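The model shown is predicted, which means the values in this text are computed figures rather than measured ones. Residue numbers start from 1 in every chain, and the chains themselves are labelled A, B, ... in the order their sequence lines are given, proteins ahead of strands.
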2 protein chains.
Amino acid sequence: MRGYLRESFLQPVATEVLFAYIYLQPVSTVPRRVLFMKSTPTTISDIAERAKVSKSTVSRVLNDKSVVNKQTRRTVLEAMESLGYQANVFARGLASGRSMTVGVVTQKIGSPFFDMMMQGVIQGFSGTGYSPIFVDGQMEDVTEYKVIQTLLGRKVDGLLLLGGDLSHLDLNDLRNRIPTIVVGKEVPGWDDQCVYVDNVRGAYDATKHLIDFGHRDIAIIRGILHHQDAIRRFEGYSQALAEAGIELDPELVLEGNFTAQSGILAINSLLMRGKSFSAVFCANDMVAYGARLTLQRKGIRVPEDVSLVGFDDQAESAFVTPPLTTVRQPGAEMGAAAASALVSMMEGKPFELPVLRAELQRRESVSKIRMS
Amino acid sequence: MRGYLRESFLQPVATEVLFAYIYLQPVSTVPRRVLFMKSTPTTISDIAERAKVSKSTVSRVLNDKSVVNKQTRRTVLEAMESLGYQANVFARGLASGRSMTVGVVTQKIGSPFFDMMMQGVIQGFSGTGYSPIFVDGQMEDVTEYKVIQTLLGRKVDGLLLLGGDLSHLDLNDLRNRIPTIVVGKEVPGWDDQCVYVDNVRGAYDATKHLIDFGHRDIAIIRGILHHQDAIRRFEGYSQALAEAGIELDPELVLEGNFTAQSGILAINSLLMRGKSFSAVFCANDMVAYGARLTLQRKGIRVPEDVSLVGFDDQAESAFVTPPLTTVRQPGAEMGAAAASALVSMMEGKPFELPVLRAELQRRESVSKIRMS
DNA sequence: TTGTATGCGTTATCAT
DNA sequence: ATGATAACGCATACAA
């Protein structure tokens with residue numbers, strides 16, 4: 001029955017897992033118990049018969065494109081209500097060619113930042129009639145291809161790419177074929193179809209903040225080596241240092257991979273080297289958590305002995321002790337803005353993407369350096 | 001065009017937001033650039049023509065139900081590959097009546113525990129050919145109805161309810177109509193279609209742990225008042241107290257709503273009352289974070305002065321300072337088990353649900369009470 | 001304003 | 001083993 005799904009090369013759809021988030025609007029008070037009981041789905045034909053009109057008319061009131069007689073309309077609506085009609089998505093999709101659904105490719109579902117963006121996306125599509133379908137690219141461009149293929153197979157009306165590693169060429173082909181917007185990634189030549197924050201600037205601000213507080217030996221725990229955001233954040237860090245006339249010390253540059261575990265490892269190796277440092281700029285908040293824990297284990301206090309800055313401002317960061325100073329990425333806003341824009345795009349309306357900024361959240365993990 | 005979506009009472013589908021997570025399996029090396037470029041989707045008719053067979057035959061190799069001549073099969077497959085065929089989900093769904101898709105109703109996407117369950121669900125469906133569609137019931141049973149209605153409209157082949165407030169009666173109607181499994185909630189009479197952990201036991205263990213460490217004035221910050229889990233956890237707390245011969249002090253029972261903010265409020269009001277306490281059992285980890293922060297602000301140390309226990313064991317809890325002692329809910333395992341079981345159920349195979357347990361994770365937020 | 005007829009891409013039921 | 005052909009439920013161009 002579904003053997004082909006596993007077997008055939010042309011069915012990447014196969015092992016998918018669809019993940020849907022549904023927003024609702026107020027619905028009439030249809031008797032509850034009835035909802036789950038009826039077993040024979042009613043179709044427009046049923047409605048037509050009941051309302052003594054043709055199927056086309058029913059379809060018309062359903063889509064209210066062409067004008068329908070007020071009275072006829074009422075009759076049809078009543079028939080629908082009493083029969084508990086619910087349109088068949090498949091039939092509708094087949095006939096119309098549109099799915100009222102858009103594909104959202106994320107890089108890592110379950111990670112704080114992408115979750116924020118997704119929340120925003122969900123909100124942005126709320127009430128528009130479009131349903132986003134989120135899929136995970138798993139941070140690999142090959143996977144991303146497959147995933148997008150699948151989405152196209154599902155006949156999505158538009159595409160929202162959250163980050164991703166697709167090349168310019170491919171992106172260009174893509175947007176040629178279907179309305180597409182990229183979120184959280186700067187794509188040259190896509191200025192109008194792209195929402196992102198300036199990671200360089202965010203990292204610069206964070207580092208500058210540390211420098212302003214008297215820190216000079218500032219370590220950095222980087223994100224994944226080839227990851228765009230990680231690269232940009234490192235760039236911001238370097239810039240701030242250079243601007244302050246502080247030479248970048250390679251020994252203060254640690255590798256990491258955005259996990260708390262990598263924060264632990266990094267601090268450990270830093271301590272092992274015996275390098276002295278008074279502050280650490282982390283690739284993201286999770287890394288900062290790991291760093292903070294290790295420091296504490298070694299009897300090093302935050303922020304008294306070492307200051308800490310994260311990136312993302314995930315929900316927990318305002319509540320950990322001490323509350324983490326971090327660069328807030330307006331993930332939700334980005335997602336929401338992108339979603340609205342995409343809707344306009346799909347409907348051929350003009351749209352504009354806002355310029356969002358990564359804002360430093362000053363909390364309590366940073367202190368002025370003690371003059372010893 | 002989509003006006004009806006907003007207007008008609010019978011289109012709860014309307015403002016939905018679909019959220020899909022797609023798993024993939026290795027796919028043949030189709031030339032990349034081609035993937036995004038072809039603009040006219042090929043159909044089985046195209047394949048049939050190319051392979052000089054009938055549509056029926058093409059459909060057969062697609063579904064490999066009945067036997068197809070080996071050679072014919074090869075020809076068809078080749079035609080498919082060269083034409084880059086991709087099945088149309090709508091047509092397939094319309095014709096077959098099945099969607100290879102299952103609805104997953106969660107209570108709160110974005111909250112740590114439900115996220116864990118979703119991860120498990122995603123994993124559980126991986127490779128099965130079924131795609132889960134997650135929808136949010138927003139912790140309201142009315143919303144839950146609408147949401148399920150929508151799912152039924154989408155022709156899901158099965159239903160996975162993560163928590164939820166549906167009544168027995170409704171649940172029974174539901175499972176009468178479609179394969180259903182409930183996760184994270186105990187439903188009388190559903191023993192075989194239900195995966196859950198014993199919240200009473202988990203809370204009991206946590207409280208007992210505190211008592212064993214010498215604590216007697218143990219406060220509790222409860223979850224949402226009418227929330228099943230919150231009620232059960234309170235019950236476990238009460239039981240442990242009773243068993244130890246400690247009288248439950250109403251003044252040590254605080255209200256909360258599972259958020260860090262409510263943890264802050266609770267501790268504040270507790271402190272205000274001047275009640276003395278040496279330990280706090282929190283409804284979940286987020287609440288514990290809030291509690292911990294407030295305690296620290298007041299100069300009260302954890303665990304030296306006050307011990308803290310959470311519930312859930314969300315990802316951050318092992319890395320905060322001090323690492324939080326908490327009751328781990330095997331959310332991922334629950335989700336995965338439920339998913340596998342549902343698949344068997346939908347395919348008419350026998351299945352069995354495992355008995356999972358909430359395990360206390362002893363970390364560092366609890367200490368023996370100082371004998372003063 | 002309303003009805004008729006056709007097509008959307010598959011699956012499924014017959015035949016052959 | 002394979003080929004016609006009729007659904008599937010809805011949208012839509014075309015008539016009326």
Side-chain angles (χ1 to χ4, degrees), chain A residues 1-5 8 10-11 13 40-76 79-80 83 85-100 152-155 157, chain B residues 1-5 8 10-11 13 40-76 80 83-100 152-155 157:
Chain A
M1 164 173 55
R2 53 189 175 69
Y4 75 92
L5 288 171
S8 167
L10 7 96
Q11 295 295 337
V13 177
T40 326
T42 62
T43 73
I44 48 170
S45 299
D46 300 329
I47 309 294
E49 193 175 351
R50 172 76 157 249
K52 300 192 197 310
V53 295
S54 72
K55 295 195 299 179
S56 345
T57 302
V58 177
S59 176
R60 283 190 192 97
V61 351
L62 224 37
N63 299 289
D64 65 26
K65 305 189 82 153
S66 48
V67 191
V68 179
N69 178 289
K70 207 114 186 179
Q71 181 51 46
T72 313
R73 174 189 211 79
R74 283 184 51 84
T75 318
V76 173
M80 285 179 167
L83 267 55
Y85 173 74
Q86 174 114 34
N88 179 315
V89 206
F90 294 131
R92 180 173 284 177
L94 224 208
S96 70
R98 285 176 307 102
S99 61
M100 294 310 283
L152 295 178
R154 291 234 167 211
K155 305 291 178 204
D157 296 331
Chain B
M1 166 171 55
R2 53 190 174 65
Y4 74 92
L5 289 171
S8 166
L10 8 96
Q11 294 295 337
V13 177
T40 325
T42 62
T43 73
I44 48 171
S45 299
D46 300 329
I47 309 293
E49 193 175 352
R50 172 76 157 248
K52 299 194 198 310
V53 295
S54 71
K55 295 195 301 179
S56 327
T57 302
V58 176
S59 177
R60 283 190 191 97
V61 351
L62 226 36
N63 299 288
D64 66 26
K65 307 187 80 156
S66 49
V67 190
V68 179
N69 178 289
K70 207 115 185 179
Q71 181 51 45
T72 314
R73 175 191 211 78
R74 281 184 53 84
T75 319
V76 172
M80 284 178 168
L83 266 55
Y85 173 74
Q86 175 115 32
N88 179 314
V89 206
F90 295 134
R92 180 171 284 175
L94 223 209
S96 71
R98 285 175 306 100
S99 61
M100 292 312 284
L152 295 178
R154 292 233 165 213
K155 303 293 178 206
D157 298 330

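For Val67(B), whose side chain is taken as the heavy atoms from C-beta onward, the closest listed nucleotide among dT2(C), dG9(D), dA1(D) is dA1(D). Residue Asn69(B) places its side chain closer to dT2(D) than to any other of dT2(C), dG9(C), dT2(D). Counting only heavy atoms from C-beta on, Ile44(B) has its side chain closest to dT10(C) among dT2(D), dT10(C), dT2(C). The nucleotide whose nearest atom lies closest to any side-chain atom of Arg60(A) is, among dC10(D), dG3(C), dT11(C), dG3(C). Side-chain proximity of Val68(B) to dT2(D), dG9(D), dA11(D): nearest is dT2(D). The side chain of Ala95(B) lies closest to dG9(C), out of dG9(C), dC14(C), dT2(C).
The nearest whole Å value for the distance from the CG atom in Asp46(A) to the P atom in dC10(D) is 9 Å. The nearest whole Å value for the distance from the CG atom in Leu94(B) to the P atom in dA7(D) is 14 Å. For the pair Arg92(A) CZ and dG9(C) C1', the interatomic distance rounds to 18 Å; values are reported in whole Å. At whole-Å resolution of the value, CD in Glu49(A) and C1' in dT2(C) are 18 Å apart. Between Lys155(A) atom NZ and dC8(C) atom P there is a gap of 13 Å when expressed in whole angstrom units. A straight line from CG of Leu62(B) to P of dA12(C) spans 11 Å, rounded to a whole angstrom. Regarding Asn63(B), its CG atom lies at a distance of 16 Å from the C1' atom of dA1(D), rounded to whole Å. At whole-Å resolution of the value, CG in Asn88(B) and P in dC8(C) are 12 Å apart.
Side-chain N/O atoms of Ser59(A) include none lying less than 4.0 angstrom from OP1 or OP2 on dC10(D).
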Working for side chain to side chain contact (heavy atoms under 4.5 Å, CB included), residues Val53(B) and Arg60(B): CA-CA 11 Å; Val53(B) 295; Arg60(B) 283 190 191 97; over 6 Å; no
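Looking at Met100(A) and Val89(A), their side chains never come closer than 4.5 Å, going by heavy atoms from C-beta outward. Arg73(B) places a side-chain heavy atom less than 4.5 Å from the side chain of Asp64(B).
Residues Ser54(A) and Thr57(A) bring a donor and an acceptor atom of their side chains to less than 3.5 Å of each other.
The heavy-atom pair separating Leu94(A) from Phe90(B) by the smallest distance is N-CB, 3.8 Å. Across all non-hydrogen atoms, the minimal contact from Arg50(A) to Leu83(A) is NH1-CD1, 2.8 Å. Contact detail for Tyr85(B) and Leu62(B): the closest heavy-atom pair is OH-CD2, 3.7 Å.
Bending across the helix from dT1(C)-dA16(D) to dT16(C)-dA1(D), expressed as the angle between its end axes from five pairs apiece, amounts to 30° (10° rounding).
Nucleic acid contact class of Thr43(A) (heavy atoms, under 4.0 Å, all strands): sugar-phosphate only. Among the heavy atoms of the strands, none lies under 4.0 Å from Ser45(B).
For the atom pair Thr72(A) OG1 and Arg74(A) CZ, the distance stands at 11.5 Å (nearest 0.5 Å). Annotation: the span from Ile44(B) atom CD1 to Arg92(B) atom CZ amounts to 9.5 Å, rounded to 0.5 Å.
Taking the nucleotide of DNA chain D with the nearest heavy atom to each of Lys70(B) and Ala91(B), the more 5' of the two is matched to Lys70(B).
No donor-acceptor pair closer than 3.5 Å links the side chain of Ser59(A) to the backbone N or O of Lys55(A).
Against DNA chain C, the stretch residues 50-58 of chain A makes heavy-atom approaches under 4.0 Å through Val53(A), Ser54(A), Ser56(A), Thr57(A).
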